[in-house]
Amino acid sequence: MAVKIIAEAGVNHNGSLELAKQMVDAAKEAGADYIKFQTFIPKKLVSKFAEKADYQKETTGSGESQLEMLEKLALTQNDFIELNRYCREKQTGFLSTPFELDSIDFLNSFNMDFWKLPSGEITNLPYLEKIGRTKKPVVMSTGMSSLQEVKDAVEALRKAGTEEITLLHCNTQYPTPMQDVNLRAMQTLEKELHLPVGYSDHTKGIEIPVAAVAMNAQVIEKHFTLDRSMEGPDHKASLEPEELKAMVQAVRNVEQALGNGRKEPSPSERGNISIVRKSIVAKCSIKKGDAFTEENLTVKRPGNGISPMRWHEMIGKQAKRDFAEDEPVE
């Protein structure tokens, strides 16, 4: 099964439907399977007392609350209806993450392939239960979580009715320092919960998502933007379109390179076997009836004669005809 690649638009549209549509086009051009947005009613998501995260203060300043910032970034329900239609027109998978209960109800009618749940809701039992009751597949990010918190969230989803769950290892710092990625934790999730796993990335660059695919990630999610210099909380930790395209290509290359796991000559290298391997040949002229010895035999390319692995078997046998120097013996 091919790795699912989610191009995370998030709120990098800056509240503009037109910009969001341009991002759909860019995700399609890059080869992503899905583009994902974020659906929320700001006043139902955060209180007026909620501060911005440190990375949000660094990118957007500290002169406003988190609520005020989100009110500038929110799209309307009609915007999402139009984006869903536009994605179908462009043959790109539409996803949007709900960030509160009313948005779950709204998005449930969109016929998305699966729910993409954010790290911040992993300890939100009412949210998990509402998602679970839809019985739709879930892909859940696990940033900031302990193993036990992940297990509890999975149990809540299952009890509510969800059976198909994929877990994404994640670090929610934007950008994530390399020393904090801990990519092996993705394998721990796979081993401990016996569920498909993937990786949601907030590092700079593309090498970590590519490495995750080599470690059996089934889903890759990566933030992207049309322009990293734009104002907004997530642009600076996002890929630009050409970088997203490079990541998609690298993931597809690694995906192919993983192969079937059998150790055998590949179709592309079979023609090299006779050229690169060696055969047992006459080291000097050998007359009919002479015994083959370590003095009159040697090993040279090409490998279209008797394999050198039969060296000891050949020593002591008699030549059935004359052999010239370098001629493969038989």
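Of the possible donor and acceptor atoms, one in the side chain of Ser279 sits under 3.5 Å from a partner among the backbone N and O of Gly305. Distance alone, capped at 3.5 Å, is enough to place a donor-acceptor pair between the Glu255 side chain and the Val3 backbone. For the pair Thr293 (side chain) and Glu295 (backbone), a donor-acceptor distance under 3.5 Å is present. With hydrogens and angles disregarded, no donor-acceptor distance shorter than 3.5 Å links the side chain of Glu121 to the backbone of Pro118. Listed for the Arg270 side chain is a donor-acceptor partner under 3.5 Å among the backbone atoms of Pro265. Asn296 places a side-chain N or O within donor-acceptor distance of the main-chain N or O of Ala291, the cut-off being under 3.5 Å. Although no hydrogens or angles enter the test, the distance criterion places no donor-acceptor pair under 3.5 Å between the side chain of Lys222 and the main chain of Val248. With Ser103 contributing its side chain and Pro98 its backbone, the two residues share no donor-acceptor pair below 3.5 Å. Although no hydrogens or angles enter the test, the distance criterion places a donor-acceptor pair under 3.5 Å between the side chain of Glu327 and the main chain of Ala324. Panel note: side chain Asp322, backbone Lys288; a donor-acceptor pair is recorded below 3.5 Å.
Between Lys136 and Asp113, no side-chain nitrogen of the basic residue sits less than 4.0 Å from a carboxylate oxygen of the acidic one, so the salt-bridge criterion is not met. Of the charged side-chain nitrogens involved, none lies within less than 4.0 Å of a carboxylate oxygen, so that Lys72 and Glu68 do not count as a salt-bridged pair.
Under a hydrophobic clustering in which Ile, Leu, Val, Met, Phe, Trp and Tyr are joined whenever their side-chain heavy atoms come within less than 4.5 Å, directly or via other members, Val299 and Ile273 fall into different clusters. Transitive grouping of hydrophobic side chains (ILVMFWY, heavy atoms separated by less than 4.5 Å) brings Leu17 and Phe37 into a common cluster. Ile315 and Val329 fall within a single hydrophobic cluster, where Ile, Leu, Val, Met, Phe, Trp and Tyr are joined by side-chain heavy atoms under 4.5 Å apart, directly or via other members. No continuous path of hydrophobic side-chain contacts links Tyr174 to Met178 [ILVMFWY only; heavy atoms under 4.5 Å]. Grouping the Ile, Leu, Val, Met, Phe, Trp and Tyr side chains by contacts below 4.5 angstrom, directly or via other members, places Leu67 apart from Leu101.
Atom CE of residue Met309 and atom NZ of residue Lys278 lie 14.0 Å apart, to the nearest 0.5 angstrom. Rounding to the nearest 0.5 Å places CG of Asn84 at 12.5 Å from CG of Asp79. A distance of 13.0 Å separates CD1 of Ile206 from NZ of Lys245, quoted to the nearest 0.5 Å. For the atom pair OH (Tyr199) and SG (Cys170), the distance works out to 7.5 Å, reported to the nearest 0.5 Å. Here the straight-line distance linking atom OG1 of Thr142 with atom CG of Leu147 works out to 9.5 Å at 0.5 Å rounding. A distance of 6.5 Å separates NZ in Lys4 from OG1 in Thr166, rounded to the nearest 0.5 Å.
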Apply side-chain contact (heavy atoms from CB on, under 4.5 Å) to residues Ile165 and Leu157 and explain how you reach the verdict.
CA-CA 9 Å; Ile165 302 170; Leu157 288 167; 4.0 Å; yes
Intermediate values then yes/no, salt bridge (Lys or Arg N to Asp or Glu O under 4.0 Å), Arg85 and Glu89
CA-CA 6 Å; Arg85 184 205 65 77; Glu89 178 186 312; 2.7 Å; yes
Give the intermediate values and the outcome of salt bridge (Lys or Arg N to Asp or Glu O under 4.0 Å) for residues Glu243 and Arg228.
CA-CA 11 Å; Glu243 295 167 319; Arg228 252 195 309 272; 2.7 Å; yes
For the pair Leu128 and Leu117, evaluate side-chain contact (heavy atoms from CB on, under 4.5 Å) and give the outcome as yes or no after the intermediate values.
CA-CA 9 Å; Leu128 295 171; Leu117 306 190; 4.1 Å; yes
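If you check the side chains of Asn216 and Glu190, you find a donor sitting under 3.5 Å from an acceptor. Between the side chains of Ser119 and Thr172, no donor-acceptor pair is found at a separation under 3.5 Å. A side-chain N or O of Gln249 and one of Asn253 form a donor-acceptor pair less than 3.5 Å apart. Using a 3.5 Å distance cut-off with no hydrogens or angles, the side chains of Tyr86 and Asp25 do pair a donor with an acceptor. One side chain, Asn12 or Ser238, offers a donor N or O that lies under 3.5 Å from an acceptor on the other. Checking Asp201 against Thr203 by side-chain atom types alone, a donor-acceptor pair falls below 3.5 Å. Side-chain polar atoms of Thr176 and Gln173 form no donor-acceptor pair below 3.5 angstrom. Side-chain contact, Asn14 with Ser16: no donor N or O sits under 3.5 Å from an acceptor N or O.
For the side chain to side chain donor-acceptor pair (under 3.5 Å) test, residues two or more places apart in sequence or in another chain that qualify with Glu330 are Arg321. Legend: residues meeting side-chain contact (heavy atoms from CB on, under 4.5 Å) with Asp290, ordered by chain and number and at least two apart, are Ile286, Lys287. Legend: residues meeting salt bridge (charged side-chain N to carboxylate O under 4.0 Å, His left out) with Lys151, ordered by chain and number and at least two apart, are Glu192. When the side chain to side chain donor-acceptor pair (under 3.5 Å) test is applied to Lys283, no partner is found at least two apart in sequence or on another chain. Qualifying side-chain contact (heavy atoms from CB on, under 4.5 Å) partners for Lys317, counting only residues two or more places apart in sequence or in other chains: Phe292, Glu313.
Annotation for Glu231: atom CD does not count as buried by contact number, only 12 or fewer foreign heavy atoms lying within 6.0 Å. In Gln148, the CD atom is crowded: over 12 heavy atoms of neighbouring residues, nucleotides or ligands sit closer than 6.0 Å. By the neighbour-count criterion of 12 heavy atoms within 6.0 Å, atom CD of Glu163 is sparsely surrounded, having that number or fewer from other residues, nucleotides or ligands. Dense packing is recorded around CG of Asp180, with more than 12 heavy atoms of other residues, nucleotides or ligands lying under 6.0 Å away.
The two residues Ala2 and Arg252 come nearest to each other via the heavy atoms CB-NH1, 4.4 Å. Scanning all heavy atoms of the two residues, the minimum distance from Glu64 to Met69 falls at OE2-CB, 3.6 Å. Here the closest non-hydrogen pair linking Ile280 and Ser307 is CD1-O, 3.6 Å. Closest of all the heavy-atom pairs between Val276 and Arg301 is O-NE, 3.0 Å. The two residues Leu226 and Leu19 have their closest heavy-atom pair at CD1-CD1, 3.7 Å. Heavy-atom minimum distance, Ser200 versus Glu221: OG-OE1, 2.5 Å.
Pairs engaging residues 107-126 under the ring pair (Phe, Tyr, Trp, His ring centres under 6.0 Å) rule: Tyr34-Phe114, Phe94-Phe110, Phe106-Phe110 [sequence neighbours left out].
Between Phe99 and Phe40, the ring-plane angle classifies as perpendicular under the 30° and 60° cut-offs. Using cut-offs of 30° and 60° on the angle between ring planes, the pair His223 and His202 is tilted.
Each of Lys116, Lys36, Gln38, Glu8 was checked for a side-chain hydrogen bond (donor to acceptor under 3.5 Å, both in side chains) with Thr97, and the lone residue meeting it is Lys36. Tested against Leu83 for a side-chain contact (heavy atoms from CB on, under 4.5 Å), the candidates His13, Lys21, Met23 yield a single pass: Lys21.
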